[in-house]
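These notes are about the structure you will find just below.
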Amino acid sequence: MRKTFIAGNWKMNKTPSEAVAFAKELVKSLKDSDTKLMIAPSTAALAPVADVIKGSNIILGAQNMASVEDGAHTGETSVLMLKDLGVEAVILGHSERRAIYGESDELINAKVKLAIKHGLTAVFCIGETLEEREAGKAETVCFDQTEKGLKDVSAAEMDKVVIAYEPVWAIGTGKTASPEDAQAIHKAIRGKIEQLYSKEVAEKVIIQYGGSVKPSNVKDLMAQADIDGGLIGGASLEVESFTALANYNK
Ligand code: PEP
């Protein structure tokens with residue numbers, strides 16, 4: 001049985017002091033939630049937020065990390081630094097990193113492997129653009145990103161991978177894939193994992209949906225057989241909406 005995993009990606013929002021105040025509210029408001037919960041503040045806010053959520057039922061996520069452990073990489077953040085701060089998971093391959101910062105499948109794969117090597121969970125994002133969907137290529141694109149992003153990740157290491165299916169056209173746009181359309185792709189991705197690994201790995205892997213998830217649509221999305229959680233941007237930035245998402249099953 002896969003446990004639902006709800007994660008908030010705060011992106012480049014909230015200063016460290018705002019993030020601390022917000023995290024304090026969330027710790028109180030989410031204390032009775034029985035879903036697995038993660039918040040991913042900006043890199044600048046990781047350390048103070050780590051202090052706030054220590055001992056709570058919320059795990060700390062980062063939004064990105066470098067593809068190498070250390071060295072001359074001005075402006076980058078190392079996996080070793082994230083671990084030292086108490087980060088447990090890292091979002092990798094987000095469509096904004098792919099589109100704005102030109103991250104390739106190969107770079108994302110290096111980051112995924114490095115995160116796993118150091119015991120972090122990789123929240124590995126995949127998803128098609130509107131153009132690709134309209135050309136009937138949604139599945140092919142997701143399969144290709146999956147294969148390349150998980151290259152040389154072993155079946156045992158898949159315990160440290162969460163897949164986030166995020167159709168690019170649904171991110172921050174208010175447009176959500178219908179639960180049925182999202183389910184169809186989730187099922188196909190699980191099939192791809194079975195083909196790459198085994199039925200056992202495919203049954204275990206958590207596949208989150210992301211793209212304008214909000215309190216009004218979360219229940220229908222989570223009711224789908226192959227949707228195991230959500231990676232949430234906009235609606236994770238308010239206590240009330242993130243609490244409603246975390247408690248969608250109550
Ligand atoms: C995201 O950033 O991963 C995301 C899904 O954003 P939003 O929920 O705002 O669409």
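First listed ligand is number 1; within each ligand, the first listed atom is number 1.
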Point to revise | atom 8 (O) of ligand 1: the protein heavy-atom neighbour that sits closest, reported with distance to 0.1 Å | key: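 Going by distance alone, atom 8 (O) of ligand 1 is nearest to Gly233 N, 2.8 Å.
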Check your understanding: Looking at atom 5 (C) of ligand 1, what's its closest protein heavy atom, distance included?
Key ->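 Here the closest protein heavy atom is Glu166 OE2, 3.1 Å.
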Practice item. Identify whether the distance between the nearest side-chain nitrogen and carboxylate oxygen of Lys113 and Glu157 falls below 4.0 Å. Key: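 Salt bridge between Lys113 and Glu157, a charged N being under 4.0 Å from a carboxylate O: no.
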If the cut-off is 4.0 Å to any non-hydrogen atom of [X], which atoms of ligand 1 fall inside it?
X      : answer
Asn9   : 2 (O), 3 (O)
Gly234 : 7 (P), 8 (O), 9 (O)
His94  : 1 (C), 2 (O), 3 (O)
Gly211 : 5 (C), 10 (O)
Leu231 : 3 (O), 5 (C)

Exercise for review: Carefully, step by step, assess Lys192 and Glu139 under the rule salt bridge (charged side-chain N to carboxylate O under 4.0 Å, His left out).
Suggested key: CA-CA 10 Å; Lys192 184 71 189 171; Glu139 262 187 37; over 6 Å; no
[X] N/O under 3.5 Å from ligand 1 N/O:
X      : result
Ile171 : no
Glu96  : no
Ile232 : no

Point to revise | Positive for side-chain hydrogen bond (donor to acceptor under 3.5 Å, both in side chains) with Asn64, one of Glu96, His94, Lys111 | key: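 Among the candidates, only Lys111 passes.
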Practice item. Among Glu128, Gln208, His186, find the one that has a side-chain hydrogen bond (donor to acceptor under 3.5 Å, both in side chains) with Tyr165. Key: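 Result: among Glu128, Gln208, His186, Glu128 is the only option passing the side-chain hydrogen bond (donor to acceptor under 3.5 Å, both in side chains) with Tyr165.
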Examine ligand 1 and decide if any of its atoms is less than 4.0 Å from a heavy atom belonging to [X].
X      : result
Gly172 : yes
Lys214 : no
Ala170 : yes

Practice item. Quickly, which of Arg98, Lys151, Arg97 forms a salt bridge (Lys or Arg N to Asp or Glu O under 4.0 Å) with Asp105? Name it, please. Key: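 Passing option: Arg98.
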Review point. Only one of Lys204, Lys187, Lys3, Arg190 forms a salt bridge (Lys or Arg N to Asp or Glu O under 4.0 Å) with Asp228, so which one is it?
Key: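 The salt bridge (Lys or Arg N to Asp or Glu O under 4.0 Å) with Asp228 is passed solely by Arg190 among Lys204, Lys187, Lys3, Arg190.
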Check your understanding: Is it true that the NZ or CZ of Lys36 lies under 6.0 Å from the centre of Phe5's six-membered ring and within 45 degrees of the ring axis?
Key ->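 Yes.
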**Study point:** Passing candidate, side-chain contact (heavy atoms from CB on, under 4.5 Å) with Leu60, options Ile53, Leu82, Val52, Val90
**Key:**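 Among Ile53, Leu82, Val52, Val90, the one that satisfies the side-chain contact (heavy atoms from CB on, under 4.5 Å) with Leu60 is Ile53.
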Check your understanding: What heavy-atom pair brings Pro41 and Leu46 nearest, and what distance separates the two atoms?
Key ->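 Looks like CD-CD2, 3.9 Å.
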